[in-house]
Structures are given as C-alpha cells and as structure tokens.
Amino acid sequence: MEKGVYNFNEIEKKWQDYWETRRTFKAWEPASIDPASTWDDSKPKYYVLDMFPYPSGQGLHVGHPESYTATDIVARYKRMKGFNVLHPFGWDAFGLPAEQYAVQTGTHPATTTQKNIDNMRRQIKSLGFSYDWDRQVDTTDPNYYKWTQWIFLKFYNSYFDETEQKAKPIEQLPIPDGLSDDEERKFIDDHRLAYESEAPVNWCPALGTVLANEEVIGGLSERGGHPVIRKAMRQWMLRITKYCERLLDGLDECDWPSSIKKLQRDWIGKSIGAEVDFKVNGYDEVIRVFTTRPDTLFGATYMVLSPEHRLVDTITTDEHKDAVKEYIEKAAMKSDLDRTDLAKDKTGQFTGAWAINPVNGENIPIWISDYVLISYGTGAIMAVPAHDERDWEFATKFELPIIEVVKPPAPFEGCFTGDGTAVNSGQFSGLTTAEFKVKIAEWLESQNLGKAAVNYKLRDWLFSRQRYWGEPFPIVHLEDGETVALSQDDLPLVLPEVADYKPTGTGEPPLAKAADWLNVTLPDGRNGKRETNTMPQWAGSCWYFLRYMDPDNPDAAFTEAKEKYWMPVDLYIGGAEHAVLHLLYARFWHKLLHDLGYVSVPEPFKNLVNQGMILGQDNQKMSKSRGNVVNPDKIIVDYGADSMRLYEMFMGPLEATKPWNTQGVEGVHRFLNKAWRMIVDEDSGQLHSAVQKAQADEATTRLLHQTIKKVGSDIESIAFNTAISQMMIFVNHLGRQNVRPKDAIEKFVLILAPFAPHIAEELWRRLGHTDTLTYEPWPQYDPELIKEKEVELAVQVLGKIKDKIVVAADASEDQIKEKALASQPVQTAMSGKQPKKIIVIKSRLVNIVV
RNA sequence: GCCGGAGUGGCGGAAUUGGCAGACGCGCGGGAUUCAAAAUCCCGUCCUGGCAACAGGGUGUGGGUUCAAGUCCCACCUCCGGCACCA
C-alpha cells in the first residue's frame, strides 16, 4: 500500500540529491570559451536572474519563493527548449541587521551572516530550484568585494568627457596650463567620478552617530527618540548626475514595464528651462537662478535664496543679521521631512538686500526661505507669485507684490500656472508661452544674462556610510592632506577586526578603532590613515550579475569572452521596491564599465518583471506583530515543495498583490496527487494499468496539443496561473479515461516538469526513463490537431442569446446563417420579423438584428 | 496634492483584446464508497422568481459609442502602491 502513494517528502529529497550530486544544472560556457564544455556556439544562451536577497536571520518568507519559482520555471523551460541557461544565486550580505546584532552581542557580523546564508540556502535548496550553486556569490567575501573595490577605483580614476558624453581614464583629462601642483591635483580631484564632498547627513548628537533616512522618524531617532539634525560631513560621492541623459536614453531599449520606466524617468526628473543672472544691488555679485518659466521673468517680484546659499551671509544687512541667523539655525535643526512635510505654512526672512530684475531693471527684495532647496538647481529662485503656487502662497503671507504676466486662455481665478499669452512683458507681450520661452532664451544669451539650461532632480550619489559591515574604501588620507588610492595589486583591502562595532562618539565610523589597520605607511615612506567610511549596501548589488559569469576568477572581475557570451540578462525578476534605486545604480555602474570597455552591452537588464507582494490570510501585509506570517518550511513539510511552488504560481498573476490561503495549497496538492494516481498504481507502485501504448482518441489528442501550446505560450508570457489551470483541465480529462496513452502521459509529464520538477522526474523515471528530464526537448504541438471539427455557436437575437447551434468548423457563413435562422427559439424571439442584418463571427457567435 | 495600478460570485482569479461573463482552484450543498471517519469519486453552486422548462437582472457608480462593452469614450466613487515645496 505504502510504496505506491505520492510520498512527496521522499521523492523531493531523492531528486534534490540526484541533481546536486550530478551537477545537473551546472552552466557551461560553450567549448569556444571552456574546452571542457559540451555546449557549442550554435545553441542560444539565456540568462535568467533573481534579485539576490539579504541573508536575514528570519530566513525565507513566502514572498521569496514567488519570484524564485517564476525564474526557475523559465530556466527549466528554456533548457528544454534547447537554450544554454545561466541561472545563478547569491547573497547581498552586507547590511545593518548583522551589524546591529554585533553591537549588541559582540558576534562578528561575518559569523551571523554565514549562519544566515547557510540557513537560507538550505531553505532554497528544499524548493528544488535549478540554480548552478557553483556560481554562488557573496558580497561580503573578500574575493568578491575585491572587485567591488576595483570598480570603485575605476570611478575614482575616471572623469566624464562632456563632448563625448562618456567616462575616460583620468590620465586623459585635459589639464589647463599654468596650474601649481596643488591646483593641478585639485583640478583632477574635482573631475573624478568618485569624489569627496561635504554633504548633509542625519546626525544624532545624543546617540553620537549618523542615521540612515529610514532611521529618522519625524525628526527624531527611531530608537530613543532623540533629535536628529542635518549636519554636513565629509562623504564619498559618485557622480551619477553626469549620466542623467544616458540613463534616460537607455530606458528606451529596456523591455521593462512602462510604470517602472516612468518611475525612473521621474526620479531623474529632467526639466528644461533657463538660467538667469540677477545682479545684487550694491554688490559685485550675481544670483543665478534656474527656471522652467523664463517667460514669466517680468512677473518676478522678489527672490528667494535657500538658507544654505553661499551669498546669504554676504548680502544680509546688519539690521536683519540676527533674524536671518536665527532662521538659518532653525532650518538646520529641521530634518528633510520637517522641511517638506509640514509645508502648508511657509516661513522666511527678508535679508535686507535687493536684486535687479534683468528684464525691466526693477528692484526686488531678496528673501531666504527653506522652501527653496539648496540641492536643486542653483539653490535660489526668482519668485513669480502670479504663476507659481508656492510663490503665490509665500507672497500672500508676506504681502509681496503679485503681477500677472500670463493671460490665461480662459477666465481663471487665483494662481494660474498653465500656458497662455504674455502680458505686462515689454516687447515680448503678446507671445504665447512656448514662443516666449524660445525668444527670451535668445535674448538672455545675447545680453549675457543667461542661457537655456537643463536641470535634473537626480543628485550625486552619497556613497559612504559610517558603518563597519561594508566594503572598505581602497583610499588612504596622507598626513599632508593628499588623498591617494590603493593600486589594484593591493586589493582586496580586507575589513579588519575591531574591538567593538559601535561608532565612536564623534561620529567617526567603527573602523577608526582598528589602529593597526588604520595607520599605513606607503611604499614611498609617506604616512597616512585609511578611509574609515565603508560603502553602502547598494555597492555589491550593482554588479553581482556580472560576477556570476566568472565567479572564481582571481585575476579579473570577469573575463571578456564570458561577458560577451552571457550578457545581457534576458530576464530579471524581483520586487518593485527596487524599481528605482537598485536598478538605477546598477545601470549607472554598467554604463561606466561600458565606457571603459569592460562590458559589451550598454544596458544590463533586457527584460524586467516585478513580482507582487503576498499578503497574509487576513489580506494584511505579513508581519510578526500581526501573527500572519506563513513559514515556507512548514508548507514544504506538510504539502511538499512541488505543491508550494505550484500554489505560489497558481494564486494569480505574478505581478499582482494577492493574499495567501493555505487551503489553496491543498487544492494544487490534490492536483498533483491526481496526476500521480493517473500514472502510478497506488497499491503496487507500478505504472497504472490504464497507461498503455495506445493511440489517443481525438478528444485526448486535441486537448493534449492545446495544453502543450497553452503551457508553452503562458510560460513565455509569465502567465503561470493559467498554464496550471490548463494542466488541471488535462488531468481532469485523462484521469477519467480507462486507457491513458503512454505517449500523451509522457508529454504531460514533460510540460509539468518546470512547475513541479520533483514529481515530474519521479514519474519520468517510473515511465521507464533512466536520465533526468532536465534536457529532454519540450514537446511540440501540431496546430492541425488543435482544431475542433465542430464548433458550438451562440445565436443571439438583438444581442440576447436565444439558442446554441453546432456546426462544422469549416462551415460557410451562409450555412451558419441558415442553421441559426432555423432554430426554434430564435424564430420565437424574432416573432415573425425579417432579419435586417446577420453578423457571423466564425467559431464564436451569430447575432441577428431585426 | 500629484503620478501609477486595480475594482468581476462567499473567496483567489479566467475571459483569443470589442464577440456565449464567471475557465481553473478554494469554500459550500447533495450523493456514492465506508461499520464509521479520512481520502477518493460523481452531481450542483453569479443573483432573483419558479417544482420545472424558463424568464429577468448582473463585471464599483452614472452616462455614451456599437448589431454586440468586463473590455472603448466621458464624469465620478473606493482601495492599494509610489512621490511629495525639484522652481
């Protein structure tokens, strides 16, 4: 009795061991690259990638297997379709939780990380995914981060050539004549794509540390509730802003969901306008502003500088000094959130200084306010209260003049921000907004007062963290103030042991405590200290998909031939939470590597799919506190990995957010059981006696071929839920037959295999095959056999169904009309009237209009 | 506030992109099998009325286009996600 039942636990263990010991899923480069390979170049390659996870102490949750199953189905399907498939896995293993645990317990983050990786790998293996584990990468492995550091040096040792719009080695940077050594060094440093800068960070004086944005809630530290201020600190930055245009353009060749592309475009935030210089009355200074509405220049009735603007100090008159100083201090105390969130009520201070509007010579007051951001544009604006809602609000509150310069096309109350016709604008009056923008840019340029300009919201990437558990920067700060980079031969620069993992009280990172490591003497005898910041978690994930191609290479990040062969990633699946940052950063790194000739394709990810979130049974986000978290381990023990995989795919479209329902797992489990019993005799464990070498009847043949077709095309379009439902229909049909042709059974097992590989392998074996089905060719369908001989048509009278008729599939329109009109219910519905028009949709319906 | 996405049975969801709404699964009801239960199998299951054949209604709401609308157009409502003074 026992030996014939579907014992999923035993079967799954057996086949996982089989795959592992035989390296079934090992990905080989073709023989032209790796002579040991049996692949040749005639086979197409397919690179299917998961967003690698952070190895959390919580282990897997049911959201992980969702995308991993999806990519696994595609990987297994593509293998059967004859593709050479690269399907790797790895760990984004630097990160805060392990470091916080280290602060609390003293356990080295590497220990915690390794333990978590081991646990999660065990969980992932228990789902039977077809990863090539020989290619596993771990961002915290010095053999990996050696190359992360190497890429950082590429940024450091490159500059951006504006005319060619690409990065080049820093040695090629044209240096102006007549610079002193120091000036020359500064000139070079100012052009590096990795550079140091004072940048505002979230500094918590009470905790003595810098906090990440998500650790600051309403201006207070998440832990302890202490005030957090913005403080300028020396930081490493990456010059991503040089790539704005390229990052925008590159999106055109990405087959991504348009919503994700839009998110990226909005994040980069390109806007077209003009820069205009306003003279400060009584000073030899100009305030440069950026505006998208240079056509409203005549309506500029005041200016606003951000509190951090460099001219504030210079131009503020004595009588306003105290108030301005106080305002600046208050603004500095506010977090970013406070400055934007409670923005309803505008604040500001008059500096006492005046500027001259270049188009009409008017004297206009200069204010400061924190509604102007130092980090966008020039940190200063011309305020046009008649046509900008923020300026309108400010002007109303501080009783500043409002002058209309754009006449709305239709009567309008309040602040009009749309396009119209210019009024009160001197010689430009009467122009449309669009015409005006062109003319004024020309005029400004001719007067040397400004020019057309483009601005982006995207800012340079703050690339350093005051943390221990991250990649160390391969940088030394010398005693004389010079900063030098290590050479490639000195890599990896390995994280040192430290006494404890807390930051120092002064905000210096924990690495400042590693005295032996910190102090260095260069080969030329100069002394210095190492950089103590570390890289952010994003760093390792910017290029891991490249390392998978050549994970053990000690001499290069990856070899050229392998990169040329595997790239780009054909399918990338992961969570929508990475829609902007990870994908943008990875694209940015890729463009640098492309410019320097290390990668052959300009965009790394050809196709992208975001899986949706899985909610708890209660339709709420899964969380420990709600107690609605589903543990995959438990599901696998109770129902098996195949049922787990199948259920996650059957729940609904991959991209949709959907609630978990354990009873649904039972449903797909029943399906697998049914499929098993269709093939295996439960009493004997032998093939079921109904499984015979026999010709399938017409209905079975048709359904089989329909099923092969639908499952294949559904996999191609990532519609796994409907593929599974089609397989259920097939099993419901064939399971009822007393004769189940072996040929049909075998084809079914093969198409089931990508979804439920363990049971499929076991059935394949019991059907008499001795090898894994991994590389069996995907069954073909015959379009002729799919066609129905007879079709049922609905017959409508005035759009209402009155009857159904059965006609030959190739019946002519006239034959169909005749048969439809002959129907008794149709005759009744027509009640003797003549048909005015008869619409025949072949194989669908007939509609009679009377 | 702005930008996306979505509203279909008791539930998850299908619906050749304008052509029979509710495939498939869950749940529920009934039956078979069983000493009994589990498991399995069969039948039913959008709503309303009817014993029934059948009739009428039905895809968030209201309007429109069309022989025909879940699908297209206009207005609105609700939920979810993202952004949030970017000049």
Side-chain angles (χ1 to χ4, degrees), chain A residues 5 257-260 262-263 266-267 269-271 273 289-293 296 300 304 306 336-337 339-344 346 369-373 375-384 387-391 393-394 417 455-459 576-577 579-580 612-613 615 617 619 621 646-647 650-653 655-668 670-671 673-674 677 682 710 713 719 721-729 731-732 735-736 792-801 803-804 825 835-850:
Chain A
V5 301
S258 55
S259 58
I260 300 291
K262 192 175 173 338
L263 275 176
D266 289 352
W267 192 263
K270 178 177 184 175
S271 44
V289 301
F290 172 75
T291 175
T292 53
R293 293 297 299 272
T296 61
V304 187
S306 105
D336 264 349
L337 217 83
R339 282 178 67 152
T340 56
D341 195 38
L342 305 163
K344 292 270 183 301
K346 296 242 179 318
S369 171
D370 62 7
Y371 85 90
V372 174
L373 309 175
S375 47
Y376 182 78
T378 61
I381 61 156
M382 65 176 209
V384 185
H387 305 292
D388 181 289
E389 274 164 21
R390 298 150 301 185
D391 299 343
E393 213 185 300
F394 191 84
T417 58
N455 245 297
Y456 304 89
K457 276 197 241 179
L458 187 68
R459 289 143 204 198
E577 68 273 21
V580 177
M613 208 189 335
L615 305 173
Q617 305 245 35
N619 240 306
K621 234 180 208 167
L646 216 49
Y647 174 63
F650 187 61
M651 290 170 80
E655 300 89 336
T657 303
K658 44 214 177 276
W660 179 269
N661 176 7
T662 301
Q663 276 176 334
V665 187
E666 224 151 318
V668 294
R670 278 204 272 266
F671 159 69
N673 247 310
K674 219 187 270 187
R677 288 195 308 269
E682 287 200 279
K710 179 151 181 63
S713 64
N721 52 335
T722 47
I724 293 166
S725 120
Q726 181 67 32
M727 289 190 283
M728 286 172 168
I729 292 169
V731 169
N732 286 344
R736 270 194 279 259
E792 192 190 57
L793 304 184
V795 183
Q796 302 178 327
V797 177
L798 283 170
K800 294 220 183 274
I801 292 164
D803 197 12
K804 304 208 170 171
K836 205 160 92 190
K837 196 169 163 193
I838 302 178
I839 292 137
V840 177
I841 308 294
K842 282 261 170 81
S843 81
R844 287 267 126 191
L845 56 66
V846 181
N847 192 5
I848 300 169
V849 187
V850 293

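Keep in mind it's a predicted model, so treat the numbers as computed, not measured. Just so we're on the same page: letters track the sequence lines, and every chain starts at 1. Just so you know, these numbers use all the heavy atoms, side chains as well, and skip hydrogens, waters and symmetry mates.
Pairing of A36(B), defined by two Watson-Crick or G-U wobble distances under 3.5 Å, is not identified with any nucleotide. Base pairing annotation: G49(B) forms a Watson-Crick or G-U wobble pair with C54(B), both donor-acceptor distances under 3.5 Å. A 3.5 Å limit on both hydrogen-bonding distances identifies no Watson-Crick or G-U partner for A23(B). Of the nucleotides present, none pairs with A68(B) by Watson-Crick or G-U wobble criteria with both distances under 3.5 Å. Applying the Watson-Crick and G-U wobble criteria (two distances, each under 3.5 Å), A75(B) pairs with U61(B). Nucleotide G81(B) forms a Watson-Crick or G-U wobble pair with C3(B), both donor-acceptor distances falling under 3.5 Å. Partner assigned to C41(B) is G31(B), using Watson-Crick or G-U wobble distances below 3.5 angstrom.
Separation of the C1' atoms belonging to A38(B) and G57(B) is 42 Å when rounded to the nearest angstrom. The C1' atoms of A84(B) and G70(B) are separated by 34 Å, rounded to the nearest whole Å. For the P atoms, the distance from C41(B) to G50(B) is 35 Å, rounded to whole Å. When the C1' atom is used for both G58(B) and A69(B), the distance is 14 Å, rounded to whole Å. Here the separation of C47(B) from C35(B), taken at their C1' atoms, is 42 Å to the nearest Å. Comparing the same atom, P, in A6(B) and in G13(B) gives a spacing of 13 Å after rounding to whole Å. Taking the C1' atoms as reference points, C79(B) lies 38 Å from C43(B), given to the whole Å. Nucleotides U66(B) and C51(B) have their C1' atoms positioned 41 Å apart, rounded to a whole Å.
Nearest-nucleotide positions on RNA chain B for V668(A) and G377(A) put V668(A) closer to the 5' end. Comparing S258(A) and I848(A) against RNA chain B, the residue whose closest nucleotide sits nearer the 5' end is S258(A).
Within the model, atoms CD of Q796(A) and CG of L845(A) stand 5.0 Å from one another, a figure rounded to the nearest 0.5 Å. For the atom pair M728(A) CE and S725(A) OG, the distance stands at 7.5 Å (nearest 0.5 Å). Atoms CD and NZ, on E393(A) and K346(A) in that order, are 4.0 Å from each other to the nearest 0.5 Å. For the atom pair CG of N847(A) and CG of L793(A), the computed distance is 12.5 Å after rounding to the nearest 0.5 Å. Atom OH of residue Y647(A) and atom CG of residue N661(A) lie 5.0 Å apart, to the nearest 0.5 angstrom.
Per the geometry, NZ belonging to K658(A) stands 15 Å off P belonging to G81(B), to the nearest Å. In this structure, the CE atom of M727(A) is 13 Å from the P atom of G25(B), given to the nearest Å. Taking atom CE of M613(A) as the reference point, atom P of A6(B) lies 16 Å away to the nearest angstrom. For the pair F671(A) CZ and C24(B) P, the computed distance is 13 Å after rounding to whole Å. Rounded to a whole Å, the CG atom of L373(A) is 10 Å from the P atom of A87(B). As a whole-Å value, the separation of K800(A) NZ from G56(B) C1' is 9 Å. A straight line from CE of M651(A) to P of C11(B) spans 16 Å, rounded to a whole angstrom. Spacing between atom CH2 of W660(A) and atom C1' of C11(B) amounts to 16 Å, rounded to whole angstrom units.
Closest to the side chain of V849(A), from the set G13(B), A87(B), C67(B), is C67(B). Each of A14(B), C3(B), A87(B) was ranked by its minimum atom distance to the side chain of P653(A); first place goes to A14(B).
If you check every strand for non-hydrogen atoms under 4.0 Å, L263(A) touches sugar and phosphate atoms only. No engagement by S375(A) is indicated, since no non-hydrogen atom pair under 4.0 Å with the nucleic acid exists.
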Show the distances under 3.5 angstrom between N or O atoms of the protein and N or O atoms of nucleotides 38-42 of chain B.
unit_1, atom_1, unit_2, atom_2, d
U40(B), O3', R677(A), NH2, 3.3
C42(B), OP1, R736(A), NH1, 2.8

What pairs of nitrogen or oxygen atoms, one from the protein and one from nucleotides 19-23 of chain B, lie under 3.5 Å apart?
unit_1, atom_1, unit_2, atom_2, d
C20(B), OP2, R844(A), NH1, 2.9
C20(B), O2, K804(A), NZ, 2.5
C20(B), N4, E792(A), O, 3.3

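Phosphate contact (OP1/OP2 of G81(B), side-chain N/O of T657(A), threshold under 4.0 Å): absent.
Its glycosidic angle being within 90° of 0, G9(B) falls on the syn side. In this structure U17(B) sits in the syn conformation; its chi angle is within 90° of 0.
Among F290(A), Y371(A), Y376(A), the one residue that satisfies the side chain to side chain contact (heavy atoms under 4.5 Å, CB included) test with I381(A) is Y371(A).
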